[in-house]
Amino acid sequence: MFDEWLRRYKDRLLGGIARHMSRVPPTAVTLLAFAAGLAAAAAILAGLRPLAFALWIVNRVLDGLDGTLARSQGRSSDLGAYLDIIFDFVVYAAIPLALAAVEPEASARMAVTVLLATFYINAASWMYLSALLERRGTEAGATRVAMPAGLVAGAETIVFYGALILLPDRLAVIAWTMSILVLASALQRVVWACRRL
């Protein structure tokens with residue numbers, strides 16, 4: 001929801017960093033982001049919530065930096081964008097799985113399970129729609145896919161995941177809230193597609 005508004009600030013900030021990293025391959029940053037995300041999930045399993053949160057933030061910063069770096073070096077590629085989204089989805093799944101694994105209450109584990117299911121539905125709502133829009137000529141470029149905005153995007157995911165990691169006593173409420181908003185995002189795209197396809 002806030003991604004487009006925040007993008008100009010993110011690009012300005014990360015663009016400054018990218019200018020000082022001209023020798024660093026963007027794929028290396030993508031792999032570091034992936035490693036940080038998996039390490040965040042491992043830290044949750046180890047009971048190290050503040051470390052998990054810090055690693056989650058590192059994952060998100062590096063995830064934004066790799067694309068900025070690729071564009072500044074003229075090395076944007078479909079493969080890089082593809083690997084980036086695959087690694088993102090692995091991390092998006094690993095963190096809730098880790099949270100569910102250490103959660104003693106069945107109701108909270110169910111809330112996290114439902115959250116994961118909503119991601120599956122949401123991914124279906126935008127991935128195929130994105131392919132259709134690009135086939136029709138609405139392309140967004142190598143590192144961005146064409147899709148209508150939803151209530152939950154990158155910025156909201158950062159906030160919700162941060163809350164899930166740092167507020168274990170509120171896990172169920174946060175997971176249910178995010179689930180509802182993710183489903184609403186999927187529904188927004190279905191309605192958008194019904195009106196325009």
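Note that the numbering runs from 1 along the sequence shown for the chain. Quick note: numbers below take in every heavy atom, side chains included, and nothing from hydrogens, waters or symmetry partners.
- The line from CD1 of I121 to OG of S185 is 12.0 Å long, rounded to the nearest 0.5 Å.
- To the nearest 0.5 Å, atom CG of residue L62 and atom CD1 of residue I57 are 11.5 Å apart.
- The distance from the CG atom of L69 to the OG atom of S76 is 9.5 Å, given to the nearest 0.5 Å.
- In this structure, Y82 and S77 have side chains that are not in contact, with every pair of non-hydrogen atoms separated by 4.5 Å or more.
- In terms of heavy atoms, L166 sits closest to P50 at CD2-CA, 4.4 Å.
- Contact between Y92 and F119 at its shortest, heavy atoms only, is O-CE1, 3.9 Å.
- Taken together through direct or relayed side-chain contacts under 4.5 Å among Ile, Leu, Val, Met, Phe, Trp and Tyr, V90 and L99 form part of one hydrophobic cluster.
- Sorted by first and then second residue, the pairs that involve residues 79-96 and meet salt bridge (charged side-chain N to carboxylate O under 4.0 Å, His left out), not counting sequence neighbours, are R60-D88.
- Linking ILVMFWY side-chain heavy atoms closer than 4.5 Å, directly or via other members, places M110 and Y120 in two distinct hydrophobic clusters.
- Nearest heavy-atom pair across S125 and A186 is OG-CA, 3.5 Å.
- L115 and I180 fall into different hydrophobic clusters, where Ile, Leu, Val, Met, Phe, Trp and Tyr are joined by side-chain heavy atoms under 4.5 Å apart, directly or via other members.
- Atoms CG and CD1, on L51 and I165 in that order, are 10.0 Å from each other to the nearest 0.5 Å.
- Between L167 and V173, the closest side-chain pair of non-hydrogen atoms is not below 4.5 Å.
- For the pair V191/Q188, no side-chain contact is recorded, criterion being any heavy-atom separation below 4.5 Å from C-beta on.
- V114 and L187 fall into different hydrophobic clusters, where Ile, Leu, Val, Met, Phe, Trp and Tyr residues are linked whenever their side-chain heavy atoms come under 4.5 Å apart, directly or through other members.
- Rounding to the nearest 0.5 angstrom, the gap separating the CD1 atom in I95 from the OG1 atom in T157 is 10.5 Å.
- Considering all non-hydrogen atoms of both residues, R109 and E103 come closest at NH1-O, 2.8 Å.
- Hydrophobic cluster membership differs between V190 and V182, with clusters built from Ile, Leu, Val, Met, Phe, Trp and Tyr side chains linked at under 4.5 angstrom.
- Taking both residues in full, the closest heavy atoms of R49 and L164 are given as NH1-O, 3.5 Å, listed atom of the first, atom of the second, then distance.
- F89 CZ: more than 12 foreign heavy atoms inside a 6.0 Å radius.
- Contact between L181 and F160 at its shortest, heavy atoms only, is CD1-CZ, 3.6 Å.
- Once rounded to the nearest 0.5 Å, the distance linking CG of L55 with CZ of F53 reads 11.0 Å.
- With contacts defined as side-chain heavy-atom distances shorter than 4.5 Å, the pair L97/V112 does not qualify.
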Return all side-chain donor-acceptor pairs below 3.5 angstrom for residues 24-46, not counting sequence neighbours, or 'none' if the list is empty.
{"residue": "T30", "atom": "OG1", "partner": "P26", "partner atom": "O", "Å": "3.2"}
{"residue": "T30", "atom": "OG1", "partner": "D66", "partner atom": "OD2", "Å": "2.7"}

